[in-house]
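Order of the sequence lines fixes the chain letters, A, B, ..., with proteins taken first and strands second; residue numbering starts at 1 for each chain.
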There are 2 protein chains.
Amino acid sequence: MDTLDTMAETFKLLSDKTRLTILSLLKERELCVCNIVDMLQMSQPSISQHLRKMKAGGLVSESRRGKWTYYALTIDDKPFVNEILSHIPSQSSKIEWLDNQESVCD
Amino acid sequence: MDTLDTMAETFKLLSDKTRLTILSLLKERELCVCNIVDMLQMSQPSISQHLRKMKAGGLVSESRRGKWTYYALTIDDKPFVNEILSHIPSQSSKIEWLDNQESVCD
DNA sequence: CAATTATGTAATTATATGCTTATATAATTG
DNA sequence: CAATTATATAAGCATATAATTACATAATTG
């Protein structure tokens with residue numbers, strides 16, 4: 001059980017449509033920044049800033065592999081956030097779209 | 001299942017500490033505005049504005065009875081919000097404090 | 001019905017937020 | 001190692017948000 005302050009901060013992270021979409025995408029699998037940029041059709045700095053905030057809030061983790069930085073959910077120990085994300089509409093179609101794309105980032 | 005937009009809007013309502021506290025208080029029982037003002041030690045207009053936003057977002061309902069306007073949770077049909085509120089730390093001690101107060105509003 | 005009590009609303013202000021542009025850093029590749 | 005690719009960061013701007021102050025409305029009470 002978190003404090004009200006901690007929970008409010010988490011909700012602030014969840015209250016942005018872009019971040020919520022990113023989280024729902026990461027629910028499917030880990031993704032690199034350029035993947036997310038492609039799928040959301042938004043600028044790279046904007047996506048990077050959202051990812052930074054979510055990392056600071058403990059919702060995602062990053063791991064650099066070669067040129068790419070991959071982000072993944074880190075909510076296994078957060079039952080409360082897990083429960084919330086289970087209610088988010090699936091973005092699997094966007095993931096399928098990504099898989100059918102010519103790789104844009106490389 | 002709501003849309004991402006709807007969910008983001010709900011999270012925005014939940015992302016303010018004052019509103020989150022009010023919701024957790026209303027989980028205990030319905031309260032009039034002056035009760036909430038007393039418990040949160042905040043100005044009446046500020047509380048009123050928060051309540052208005054939550055009413056617009058469908059989280060609470062108001063019912064005027066005499067001089068007082070009572071607010072109550074309206075999340076029975078919102079399993080998703082219900083689930084979230086079940087994770088909020090209890091505010092029952094604040095309610096007890098209220099019950100032991102000389103009635104401040106009247 | 002005038003005064004009081006409870007609440008709502010509008011205007012203002014200060015701060016927070018998200019996006020863009022420009023630039024920096026880091027790894028890769030030819 | 002120079003050029004390219006992927007990502008991060010900083011500065012600036014426009015909008016959003018929450019709180020205060022002042023005022024409006026509504027019901028109650030003497």
Considering every strand and a 4.0 Å limit on heavy-atom distances, what is the contact class for [X]: base, sugar-phosphate, or nothing?
{"X": "B:K17", "answer": "nothing"}
{"X": "A:K12", "answer": "sugar-phosphate"}
{"X": "A:K55", "answer": "nothing"}
{"X": "B:Y70", "answer": "nothing"}

Under the side chain to side chain contact (heavy atoms under 4.5 Å, CB included) test, residues paired with A:E62 that sit two or more places apart
A:K55, A:T69, A:Y71
Partner set under side chain to side chain contact (heavy atoms under 4.5 Å, CB included) for A:A56, not counting sequence neighbours:
none
Shorter than 3.5 Å, N or O on both sides, protein versus nucleotides 21-29 of chain C: list them out with atom names.
none

Hey, can you pull the residues of residues 18-37 of chain B with a non-hydrogen atom under 4.0 angstrom from DNA chain C?
B:C32, B:V33, B:C34
Just to verify, what does A:E83 make a side-chain hydrogen bond (donor to acceptor under 3.5 Å, both in side chains) with, not counting sequence neighbours?
B:H87
I'd like to check the salt bridge (Lys or Arg N to Asp or Glu O under 4.0 Å) partners of A:E28; sequence neighbours left out, ordered by chain and number.
none
Which nucleotide, if any, forms a Watson-Crick or G-U wobble pair with D:dG30, using both distances under 3.5 Å?
C:dC1
Looking at C:dT17, I'd like to know if its phosphate oxygens (OP1 or OP2) sit under 4.0 Å from a side-chain N or O belonging to A:H50.
no
Counting only N and O atoms by type, is there a donor-acceptor contact under 3.5 Å from the side chain of B:S48 to the main-chain atoms of B:P45?
no
Do the side chain of B:Q91 and the main chain of B:P89 share a donor and acceptor less than 3.5 angstrom apart?
yes
